[in-house]
Amino acid sequence: MYILMLVRADTLNEFRCRAYPWNFKKFSKKPLASLDGGSMVRYTDNRRASRFPKVIRHLTWNRYYVLVPKGVRNGSWFIGRRYADGSGNVSKVPLEGPVRVPVKGEGIEFFAVSANGNQLPLQKIGEGKLGDCGCFRQMPLC
């Protein structure tokens, strides 16, 4: 399916995707309830719901946000997501600098966690579409 996504979006010249299910640790609602909402970036989809089946809907995704933790000069950090139902996940891949994250679904909140487990304030510095050959195309996609 990943190859089909690359060909469909004409993204063969972009940085490879790291957003695989095995790269994320899932969390239940309880540990994520204590996160500070003011330090997160929220995505709300104002478009109407997709009419495609779930398998095909994944192929139609092509938008992303570019996120970076505020005030982090060096050191690794991890990106996380909290969904509308309160559950979420955190990437196991350490990041350095800005990262692109797929934006799809309703009411997703993105957060940053330092290597020692503290929440970092997160900010959106841009957005784009896969295949647009924009200035963010060489940033990792998580």
If you take all heavy atoms of [X] and [Y], which pair is closest and at what distance?
{"X": "Gln119", "Y": "Ser39", "result": "NE2-CB, 3.6 Å"}
{"X": "Leu122", "Y": "Val41", "result": "O-CG2, 3.7 Å"}
{"X": "Leu32", "Y": "Arg82", "result": "O-NH1, 2.7 Å"}

Under the ring-ring contact (aromatic ring centres under 6.0 Å, His included) test, residues paired with Phe78 that sit two or more places apart: none

Do [X] and [Y] have side chains that approach each other closer than 4.5 Å (heavy atoms only, starting at C-beta)?
{"X": "Ser76", "Y": "Glu96", "value": "yes"}
{"X": "Phe27", "Y": "Asn89", "value": "no"}
{"X": "Pro102", "Y": "Leu141", "value": "yes"}
{"X": "Ile79", "Y": "Val90", "value": "no"}

Value rounded to 0.5 Å, distance of OH in Tyr65 from CZ in Arg42: 10.5 Å

Between CG on residue Leu120 and CH2 on residue Trp77, distance to nearest 0.5 Å: 8.5 Å

side-chain hydrogen bond (donor to acceptor under 3.5 Å, both in side chains) partners for Glu127, two or more places apart: Lys124

Partner set under side-chain hydrogen bond (donor to acceptor under 3.5 Å, both in side chains) for Ser114, not counting sequence neighbours: Asn116

Mind checking side-chain contact (heavy atoms from CB on, under 4.5 Å) for [X] and listing every partner two or more places apart, or none if nothing turns up?
{"X": "Lys70", "value": "Pro121, Gln123"}
{"X": "Lys92", "value": "Lys25"}
{"X": "Pro98", "value": "Val66, Val68, Ile125, Met139"}

Within 45° cone of Phe110 ring axis and under 6.0 Å: Arg81 NZ or CZ: no

Same cluster (ILVMFWY, side-chain, under 4.5 Å), Ile108 and Val113: no

Salt bridge (Lys or Arg N to Asp or Glu O under 4.0 Å): pairs with one or both residues in residues 111-121, sequence neighbours excluded: none

Evaluation steps, side chain to side chain contact (heavy atoms under 4.5 Å, CB included), between Leu35 and Met40: CA-CA 9 Å; Leu35 292 173; Met40 296 184 180; 3.3 Å; yes

Backbone of Tyr43 reached by a side-chain donor or acceptor of Glu109 within 3.5 Å: no

